[in-house]
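Below is one structure, written out as structure tokens, with a few remarks after it.
Note that the coordinates shown come from a computational prediction; the quantities given were computed from them, not determined experimentally.
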Amino acid sequence: MSGGLFGLVFGGLIGYFVQRAFQKIKAIAPQQLFFRATFTVMGKIAKADGRVTESEIGFAREVMARMQLNESAKQLAIKYFSQGKEADFDMSSVLKPLALVLRHRLPVKLMFLELQLQVAMADGEMSAAELSVIEEICHLLAFSPIEMRAVMERIQAAQAFARHAGDWDHATGRSHESLMAEAYGVLGVSESASDAEVKKAWRKLMSQHHPDKLVSRGMPEAMMQLAKERAQEIQGAYDRIRTARGFR
């Protein structure tokens with residue numbers, strides 16, 4: 001508006017090329033973008049500290065198995081994982097298009113970030129190099145540092161909650177308190193939260209992780225089982241808290 005005729009022409013050209021670029025991205029199904037980004041970024045994280053551990057390879061294989069990929073899809077996932085391990089792989093090449101397509105689909109972006117965090121924590125800890133990759137992912141997908149930290153803490157709690165699932169029946173005293181702390185961590189609330197706050201956090205997370213909603217918003221249908229398992233973890237933690245507090 002302030003550039004006169006030149007500004008009008010220049011602005012029009014920028015708008016034209018941005019629209020063309022967006023149309024090209026839209027031509028690629030969100031599910032295809034999500035699938036490719038999932039496995040290339042997994043490879044990037046796995047190689048972040050210079051070597052790929054058996055735990056990281058095992059997690060990637062486990063994801064493929066839980067997705068029940070046919071042989072051609074499995075080979076494509078392996079190909080993408082290998083691409084991500086290359087030293088010159090640039091995550092922005094897959095995450096910028098994904099971010100554009102998912103800019104109004106926060107639950108799908110959350111599911112993507114949660115999967116990558118599980119890779120980074122597959123061997124029980126996250127190295128500084130892996131954290132750096134996670135931070136870059138969050139930057140490219142427009143997650144704030146506060147949002148990143150909150151998701152990280154929930155995933156850490158969820159992994160601990162899953163590992164100790166068989167301990168509940170025999171837990172007493174401090175061991176029970178520790179298990180309860182993990183359950184609250186899955187929901188992302190403190191143990192001092194009110195019943196209403198616990199319910200609100202549970203409803204929000206269950207809505208964000210509803211498998212059908214995630215698929216309709218761009219998550220590959222093959223990943224529905226992963227979403228179901230995540231929802232079951234959230235529900236399981238909520239049920240433990242609800243039983244301990246005695247509310248419906």
Side-chain angles (χ1 to χ4, degrees), residues 22-46 56-85 89 91-122 134 137-138 140-143 147 151 154-155 158-159 162 186 202-238:
F22 184 60
Q23 290 298 328
K24 287 181 180 179
I25 291 172
K26 284 181 69 178
I28 305 174
Q31 290 84 358
Q32 291 176 311
L33 287 170
F34 193 103
F35 185 88
R36 182 185 178 200
T38 293
F39 289 103
T40 53
V41 174
M42 276 187 184
K44 179 76 171 182
I45 292 172
E56 291 162 339
I57 294 173
F59 179 79
R61 288 174 177 165
E62 183 184 341
V63 169
M64 294 177 200
R66 285 151 66 192
M67 290 174 66
Q68 299 181 334
L69 300 178
N70 59 37
E71 189 57 30
S72 61
K74 182 179 178 181
Q75 290 304 314
L76 185 59
I78 293 172
K79 174 186 174 182
Y80 288 150
F81 187 84
S82 298
Q83 286 177 356
K85 292 191 299 179
F89 174 69
M91 286 197 301
S92 66
S93 65
V94 293
L95 291 185
K96 282 186 176 180
L98 185 68
L100 190 57
V101 169
L102 300 182
R103 66 197 187 286
H104 299 309
R105 305 177 191 184
L106 177 60
V108 184
K109 289 201 300 180
L110 278 172
M111 187 69 186
F112 181 87
L113 178 57
E114 288 175 356
L115 279 171
Q116 304 307 329
L117 282 168
Q118 290 177 64
V119 179
M121 300 175 188
I134 292 294
I137 293 168
C138 289
L140 290 168
L141 294 182
F143 285 108
E147 290 171 326
V151 179
R154 290 203 304 270
I155 292 301
Q159 289 184 329
V186 173
W202 165 70
R203 290 193 188 102
K204 180 178 180 181
L205 288 172
M206 289 299 288
S207 176
Q208 290 174 338
H209 294 82
H210 192 288
D212 292 327
K213 288 183 180 179
L214 287 168
V215 170
S216 69
R217 294 174 182 174
M219 188 187 75
E221 190 169 352
M223 289 184 173
M224 182 177 283
Q225 181 60 32
L226 301 179
K228 287 180 179 178
E229 292 170 5
R230 184 77 181 98
Q232 288 168 357
E233 288 176 351
I234 295 165
Q235 184 64 51
Y238 177 71

More than 12 heavy atoms of other residues, nucleotides or ligands under 6.0 Å from CD of Q68: yes or no? no
Reported [atom1]-to-[atom2] distance for the pair [X] and [Y], which is rounded to 0.5 angstrom:
X	Y	atom1	atom2	value
Q31	L33	CD	CG	9.0 Å
H104	K109	NE2	NZ	9.5 Å
M223	F34	CE	CZ	5.5 Å
I78	Q83	CD1	CD	12.5 Å
R36	S93	CZ	OG	5.5 Å
F59	M121	CZ	CE	11.0 Å

Ignoring hydrogens and geometry, is there a side-chain-to-backbone donor-acceptor pair from K44 to F89 under 3.5 Å? yes
So, S207 side chain and R203 main chain: donor-acceptor pair closer than 3.5 Å or not? no
Could you check V151 against L110 for side-chain contact (heavy atoms from CB on, under 4.5 Å), going step by step and ending with a plain yes or no? CA-CA 8 Å; V151 179; L110 278 172; 3.7 Å; yes
Determine whether [X] and [Y] make a side-chain contact, defined as any pair of heavy atoms from C-beta on separated by less than 4.5 Å.
X	Y	answer
K85	T40	no
M206	H210	no
F112	L102	no
V94	Y80	no
L205	R154	yes
F143	L106	yes
I45	L117	no
F35	L69	yes

Where [X] and [Y] come nearest, the two heavy atoms and their spacing:
X	Y	value
E56	A46	OE1-O, 3.1 Å
S92	P97	O-CD, 3.6 Å
F81	A60	CE1-CB, 3.8 Å

Set out, in order, the CA-CA distance, both residues' side-chain angles and the distance that settles side-chain contact (heavy atoms from CB on, under 4.5 Å) for L98 and V101, then state yes or no. CA-CA 5 Å; L98 185 68; V101 169; 5.5 Å; no
Would you mind writing out the side-chain donor-acceptor pairs for residues 226-235 within the sub-3.5 Å range, not counting sequence neighbours?
from	atom 1	to	atom 2	distance (Å)
E229	OE1	R66	NE	2.9
E229	OE1	R66	NH2	2.5
E229	OE2	Q225	NE2	3.3
R230	NE	E114	OE1	3.1
R230	NH1	E233	OE1	3.3
Q235	OE1	W202	NE1	3.1
Q235	NE2	D239	OD1	2.9

Who passes side chain to side chain donor-acceptor pair (under 3.5 Å) against Q116, sequence neighbours left out?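 Checked Q116 against side chain to side chain donor-acceptor pair (under 3.5 Å); zero matches.
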Show the atom names and distances, to 0.1 Å, of all donor-acceptor pairs under 3.5 Å that link a side chain in residues 214-221 to residues at least two apart or in another chain.
from	atom 1	to	atom 2	distance (Å)
S216	OG	D212	O	3.4
S216	OG	K213	O	2.8

